[in-house]
Amino acid sequence: MKKIQQKTGFLILWAILFCFVPPVRASAGYEIPGTCQVQTDTGASGTVKTLDYDYDCNRYLSLRDLAMVLKDTDKSFSLDITKNAVSLNPGEIYVPVGAENTSWEEGELPDVSLRRNECKVGGEKVFYYTMIMKLPSGNYDCFMMAADLGMILDVDITVPAADSLLFHTQDPFRVSPAALEQAGYFYGVNSVLVGDVTTGELYYGYQSDVSYPIASTSKLMTCLLVMDAISAGQIAPEERVIVSGAAQMLSASADGVIPLEAGEQITVEELLLGALLPSSNECALCLAESVAGSEEAFVRMMNQKALDLGLSQAVFFNCHGLPSYTEEPVPAKRQNRMSAEDMFRLVSYLMKVYPQITDITSLKEATLESLDLKVNNTNPLLHNLSGVTGLKTGTTNKAGACLVTSLTADDGTMEHDLAVIVLGAEDSIERGRVSGLLARYALQAFYEGVDQSEAGTSLLPANLPTQAEGAVDLILRTARGHS
């Protein structure tokens, strides 16, 4: 099925680090304008303006300049850019607006900021961080990270010399995690793991056996225990849960996500939607209290389930992943912890026993009818890559930005679920980019095979059931109706 490929992609080494191109200034805290020379394998070339955001080599490139360079190649694209939105259409011819492929004016300091501007690719909404600035002509230009553009256009990029880039328009986007690790890219995260949860095969791991705080990805264990309770007939999807005073207090706190008031009622299925999509801490608490009577009893169940599954590095202090304080005179601040390998085992079990969980986690939005409230999924990769089916984001100051991604691949005989686990990215921008790169690598490894120097062992949990009872199907069918 898989052929081992030795070809190493150099795109990411430049696209992320870009240490070959010296900045115009070496200062942080603002946008540093510069340029690089871009050429294609067809002979087209041009000067492309760049912005280093906050730090040296954190480089974003002018889409208008690149569109001009690529306009007569197989990777051409058109642009429609407004004050806070950009629409990029691959395969279309770019229409110049003037001032493309020119250098910055001397002393020019663009007034822009990095943000998640509205962004569409081929008419579909995507989630990338960009910078948009107004040109003297009155038109707008947009700056994007090369790695993001490489993934959008599915094109390989190399660095033939300092201050230059080469777009290989006939070669697809490729990722080499081993090369990224050697270049220090993963120093910006706690750990990562990529593998096939259907077979347990690992494609790549970095510090994956070390325990780290996991923030709201803890809710995957919470939802597993809720699914167990539904399957056992202990609770029902349509059962209405009465919001407790503790859940109201959490809702009203700085960590509240969904407004809940004590005494009001919300169904189990809606609480699951709230916990998994917008990552509602109060919904997770309501679920824990519904299953076990109290959060303390539920946490004991979480830790016992971790032991049952062989999650040797896992420890839980609450049901949602927020920091937890002890009641000592000098309180200790604790957070749920787990290694990436343990998370892989948990995901393998969850998706094997309750494969329909992705009917919830793949929803981009849903409506909680009991509250007449629309909620959105916090997972950006659902918009950026086809085949992504979930699973869960998480962020605290200590844990950093975490994301557990699931995506599907088909070997011609059966469908496989792949997983990408990223723990401890510096912020949501890097979390999305690291996860996106490794999700692309997961597909690359699945269809083409992996270099044996990058491959790992199997982490499939022992005594793994093949299918849970059908009692949970109702909640998942209902979830589809909420979207």
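Computed from heavy atoms alone, side chains included, the values below leave out hydrogens, waters and symmetry copies.
For the atom pair L381 CG and S386 OG, the distance stands at 11.5 Å (nearest 0.5 Å). Rounded to the nearest 0.5 angstrom, D171 CG and D154 CG are separated by 10.0 Å. Annotation: the span from M351 atom CE to L220 atom CG amounts to 10.0 Å, rounded to 0.5 Å. To the nearest 0.5 Å, the span separating OG on S280 from CG on L250 amounts to 7.5 Å. Rounding to the nearest 0.5 Å places CG of L391 at 8.5 Å from CG of L276. The line from CD1 of I421 to CG of L193 is 5.0 Å long, rounded to the nearest 0.5 Å.
For the residue pair N139/S137, the side-chain donor-acceptor check at 3.5 Å is satisfied. At a cut-off of 3.5 Å, with distance as the only test, a side-chain donor of R431 or T395 sits close to an acceptor on the other residue. Inspection of the T130 and N117 side chains reveals an N or O donor paired with an N or O acceptor under 3.5 Å. No hydrogens or angles considered: nothing links the side chains of T389 and T358 as a donor-acceptor pair under 3.5 Å. For the 3.5 Å distance criterion, the side chains of K392 and S216 fail to qualify, holding no donor opposite an acceptor. Judged by distance alone, the side chains of D209 and S339 never bring a donor and an acceptor atom under 3.5 Å apart. Side-chain contact, Y94 with R64: a donor N or O sits under 3.5 Å from an acceptor N or O. There is no side-chain donor-acceptor pair under 3.5 Å between E369 and T367. Judged purely by distance below 3.5 Å, without hydrogens or angles, the side chains of K120 and N89 never pair a donor atom with an acceptor atom.
At distances below 3.5 Å, at least one donor-acceptor pair connects side-chain atoms of S406 with backbone N or O atoms of G390. With S251 contributing its side chain and I258 its backbone, the two residues share a donor-acceptor pair below 3.5 Å. Proximity of a side-chain donor or acceptor of E181 to a complementary backbone N or O of A179 within less than 3.5 Å is not detected. Without hydrogens or angle criteria, N384 side chain to F127 main chain gives a donor-acceptor distance under 3.5 Å. Side-chain atoms of Y128 do not come within 3.5 Å of backbone N or O of R433 as any donor-acceptor pair. Q37 places no side-chain N or O within 3.5 Å of a backbone atom of S164 that could act as its donor or acceptor partner. Formation of a donor-acceptor pair under 3.5 Å by the D74 side chain with backbone atoms of T169 is not found in this model. Within the 3.5 Å criterion, the main-chain N or O of L322 finds no donor-acceptor partner in the side chain of D255. For the pair R345 (side chain) and L311 (backbone), a donor-acceptor distance under 3.5 Å is absent. Listed for the D141 side chain is no donor-acceptor partner under 3.5 Å among the backbone atoms of M133.
Contact annotation: the side chain of E282 approaches that of V257 to within less than 4.5 Å [non-hydrogen atoms, C-beta and beyond]. Looking at heavy atoms from C-beta onward, V194 lies out of side-chain contact with P177 at the 4.5 angstrom threshold. Side-chain contact between L165 and V48 is absent, with no heavy atoms from C-beta onward closer than 4.5 Å. Using a 4.5 Å cut-off on side-chain heavy atoms (C-beta onward), V197 and L418 make no contact. Contact annotation: the side chain of T217 never approaches that of M338 to less than 4.5 Å [non-hydrogen atoms, C-beta and beyond]. When side chains are defined from C-beta on, P323 does not count as touching K398, because their heavy atoms never get closer than 4.5 Å. In this structure, V210 and S191 have side chains that are not in contact, with every pair of non-hydrogen atoms separated by 4.5 Å or more. Side-chain contact between F316 and T222 is absent, with no heavy atoms from C-beta onward closer than 4.5 Å.
Around the CD atom of E92, the shell of radius 6.0 Å holds more than 12 heavy atoms that belong to other residues, nucleotides or ligands. The neighbour count for E415 CD, taken as heavy atoms of other residues, nucleotides or ligands under 6.0 Å away, is above 12. Dense packing is recorded around NZ of K364, with more than 12 heavy atoms of other residues, nucleotides or ligands lying under 6.0 Å away.
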Which is it for F446 and H416 under the side chain to side chain contact (heavy atoms under 4.5 Å, CB included) test, yes or no, and what are the steps along the way?
CA-CA 9 Å; F446 178 83; H416 291 239; 3.6 Å; yes
Stepwise side chain to side chain contact (heavy atoms under 4.5 Å, CB included) check, K49 with F143
CA-CA 9 Å; K49 290 183 285 294; F143 290 76; 4.3 Å; yes
For F186 and L438: C-alpha separation, side-chain torsions, deciding distance, then whether side chain to side chain contact (heavy atoms under 4.5 Å, CB included) applies.
CA-CA 11 Å; F186 295 121; L438 292 178; 4.1 Å; yes
Evaluation steps, side chain to side chain contact (heavy atoms under 4.5 Å, CB included), between V175 and L180
CA-CA 8 Å; V175 183; L180 288 176; 4.1 Å; yes
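Ring centroids of Y53 and Y129 are separated by 6.0 Å or more, keeping the two rings apart.
The two atoms that bring R440 and M151 nearest to each other are NH2-O, 2.9 Å, heavy atoms only. Shown here for K219 and S279, the closest heavy-atom pair between the two residues is NZ-OG, 3.2 Å. A215 and G394 make their closest contact through CB-C, 3.6 Å (heavy atoms, listed as atom of the first residue, atom of the second, distance). The minimum heavy-atom distance linking A147 with L437 is given by the pair CB-CD2, 4.4 Å. Looking at every heavy atom in both residues, A442 comes nearest to Y203 through O-CE1, 3.7 Å. The two residues L271 and C283 make their nearest non-hydrogen contact at O-CB, 3.5 Å.
Under the rule for a ring-ring contact (aromatic ring centres under 6.0 Å, His included), H168 has no partner lying at least two apart in sequence or in another chain.
Of the charged side-chain nitrogens involved, none lies within less than 4.0 Å of a carboxylate oxygen, so that R174 and D156 do not count as a salt-bridged pair.
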